[in-house]
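This report concerns only the one structure given below.
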Number of protein chains: 2
Amino acid sequence: MLSQRNTTERPLELVIVEDDRRQRELLELLLNGTPGFYCRAAFPDAEALLAELPGLHPGLVLMDIDLGSGRNGVAAVAEIRARRPELPVVMLTVHEDSDYVFAALCAGAVGYLVKGIAPAELLAAVQDAASGGSPMSPQIARRVVQTFHVGPANPLTEREKEVLAQLCAGESYRSIAEALFISGHTVRSHIKNIYEKLHVHTRAEAVVKALKDRLIQ
Amino acid sequence: MLSQRNTTERPLELVIVEDDRRQRELLELLLNGTPGFYCRAAFPDAEALLAELPGLHPGLVLMDIDLGSGRNGVAAVAEIRARRPELPVVMLTVHEDSDYVFAALCAGAVGYLVKGIAPAELLAAVQDAASGGSPMSPQIARRVVQTFHVGPANPLTEREKEVLAQLCAGESYRSIAEALFISGHTVRSHIKNIYEKLHVHTRAEAVVKALKDRLIQ
DNA sequence: AAGTAAATCCTCCAAACGGGGGATTGGCGG
DNA sequence: CCGCCAATCCCCCGTTTGGAGGATTTACTT
């Protein structure tokens, strides 16, 4: 969605990794039977792909690794990314739990689709990913977006936010005092108030809270 | 994409915010002319919507605020979210720069579309958002996903990562020593090595780097 | 077998941190 | 007008941190 199918230019060359033989062949059939797509190779596991990768120059990898080798799928993405940073990898799995999703995205996957997706939508998503997009199944996209949502109430005053920002920069009381043109005593007062409002007792906790809850900037 | 159009159930009721009168009316026409959608109200600015919100119960807000009131658009999303946490807001603007995009997402927008989107795709995206998805234009989605990508090389050893995690938790040398069953001296050694590898000199900087570069977990 | 890296332990010491108090000013709302 | 809160300043004092050094053991690599 949100991008046109390309049928006139050179077809999109891709490789797939799918452990189930039947599904692998179905995927291959789907891709090779659709103008604009060309499945160069299909592997049952990531190791096989990594072994053949030097001789391949696909435009995209469709990675479908089911339970059992869960950790492997993420590691494989990282490995592919280390060798071909520009090669987009799209996950297509049954894992819908957050941990796996975010682990895959952190490892470098550009898209994440859950199985059960309709063939036409799969093709559109693949095209999207190859064109610089990041196709995600709706629930996945929502969860990703939600990681950006910030708690509405930020109890800190403007001045306190300024001080907190300096804390995050690792500045000392003295540097902060100089930067904000106030005395070190005042800095301490602000920091004490910040700690109280955030329910923390150390700089490190305050920094973590500031970053996680996006209290600054 | 990735979701079906719903024409049989009750139509999706939405309100739109769009400062340009012509575009506002075109949007209204498009929505009201499509089975499954119903545009309850259209406002020229966010303030007007907020004033009427108590009497409205839309299933989605389509927010299209162009340049000039940039900050206002983000603030409006935050305000809507504060009053109706469950009401999804989809941005539809010309702003493609990262700052604005992430500010909107942080404020609580569930989707982000750039103008120029085809009508059919807009409708699909709206339906997607209402069904729990997070429609994003391809370039936007990619940028969002890239914020998860982690630098491939993490120079820290396993033990150092454990210590760093404790640092992020705000633990003292002593607590860390007890938690990891080592002496405080050893903890200090690890921390010194961590600081050197990360090129930082304080706890706070190390914590920021750990979170930003996803060095832990 | 030698070399390297990681993990463990140690001392000395100055600087920074954080908890407990308290005080003054200015502004804003009831 | 009075109270509250943010912002500013100050004290005492124990704890924690981090820089600069050095040492040992284990384990992996060459």
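No experiment lies behind these values; they were computed from the predicted model shown. Protein chains get the first letters and strands the later ones, always in sequence-line order, with residue 1 at the start of each.
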(message) Could you check whether A:Glu160 pairs with A:Lys192 (Lys NZ or Arg NE/NH1/NH2 to Asp/Glu carboxylate O, under 4.0 Å)?
(response) no
(request) Give the rounded distance in Å between these two atoms: NE2 of B:His185 and P of D:dT17. (result) 14 Å
(request) Indicate yes or no: does B:Arg81 engage B:Glu86 in a salt bridge with an N to O separation below 4.0 Å. (result) no
(message) Please confirm whether the shortest side-chain N or O distance from A:Ser183 to OP1 or OP2 of D:dT8 is below 4.0 Å.
(response) no
(request) Could you tell me which residues satisfy side-chain hydrogen bond (donor to acceptor under 3.5 Å, both in side chains) with B:Glu79, sequence neighbours excluded, listed by chain and number? (result) B:Arg83
(message) Strictly below 4.0 Å: does A:Arg188 bring a side-chain N or O up to OP1 or OP2 of C:dG18?
(response) no
(request) State whether A:Thr186 places a side-chain N or O below 4.0 Å from either non-bridging phosphate oxygen (OP1 or OP2) of D:dC9. (result) yes
(message) Restricting to salt bridge (charged side-chain N to carboxylate O under 4.0 Å, His left out), what partner residues turn up for A:Arg159, sequence neighbours left out?
(response) A:Glu162
(message) Just the rounded figure in Å: distance from C1' of D:dT16 to CD of B:Gln166.
(response) 16 Å
(message) Strictly below 4.0 Å: does B:His190 bring a side-chain N or O up to OP1 or OP2 of C:dT8?
(response) yes
(message) With a 4.0 Å cut-off on N to O distance, would you call B:Arg174 and B:Glu178 a salt bridge?
(response) no
(message) Could you work out, with salt bridge (charged side-chain N to carboxylate O under 4.0 Å, His left out) as the rule, every residue matching A:Glu158, not counting sequence neighbours?
(response) A:Lys161
(request) Mind calculating the distance between CD (B:Glu158) and C1' (C:dT8) to the nearest angstrom? (result) 17 Å
(message) Distance check needed: C:dT8 P versus B:Ile176 CD1, whole Å only.
(response) 13 Å
(request) Look at the side-chain N and O atoms of B:Arg159 and state whether any lies under 4.0 Å from the OP1 or OP2 oxygen of C:dT8. (result) yes
(message) Just to verify, what does B:Thr202 make a side-chain hydrogen bond (donor to acceptor under 3.5 Å, both in side chains) with, not counting sequence neighbours?
(response) B:Glu205
(message) Output the rounded distance in Å from CD1 (A:Ile194) to C1' (C:dC17).
(response) 14 Å
(message) Walk along nucleotides 23-30 of chain D from 5' to 3' and tag each nucleotide B, S or - by protein heavy-atom contact under 4.0 Å, base first, then sugar-phosphate.
(response) --------
(request) Before giving the answer on side-chain contact (heavy atoms from CB on, under 4.5 Å), spell out for A:Lys197 and A:Thr157 the whole-Å C-alpha distance, their side-chain angles and the decisive distance to 0.1 Å. (result) CA-CA 10 Å; A:Lys197 287 183 180 177; A:Thr157 69; 3.7 Å; yes
(message) Tell me the bend of the helix from C:dA1-D:dT30 to C:dC28-D:dG3 as the angle between end helix axes, each from five pairs, rounded to the nearest 10 degrees.
(response) 50°
(message) Quick check on D:dG18: is either OP1 or OP2 less than 4.0 Å from any side-chain nitrogen or oxygen of B:His201?
(response) no
(request) Please report, rounded to the nearest Å, how far the P atom of D:dG19 is from the CD atom of B:Glu196. (result) 10 Å
(message) Using whole Å, what does the distance between atom C1' of nucleotide C:dG21 and atom NZ of A:Lys192 come to?
(response) 8 Å
(message) So that I can tick it off, tell me whether A:Asp64 and A:Arg24 are bridged by a salt bridge, with the cut-off set at under 4.0 angstrom between side-chain N and carboxylate O.
(response) no
(message) Looking at D:dG18, I'd like to know if its phosphate oxygens (OP1 or OP2) sit under 4.0 Å from a side-chain N or O belonging to B:Tyr173.
(response) yes
(request) Assess whether side-chain contact (heavy atoms from CB on, under 4.5 Å) is satisfied between A:Leu49 and A:Ile80, documenting all intermediate values. (result) CA-CA 9 Å; A:Leu49 162 61; A:Ile80 292 172; 3.6 Å; yes
(message) How many whole angstroms separate atom NZ of A:Lys197 from atom P of D:dC5?
(response) 10 Å
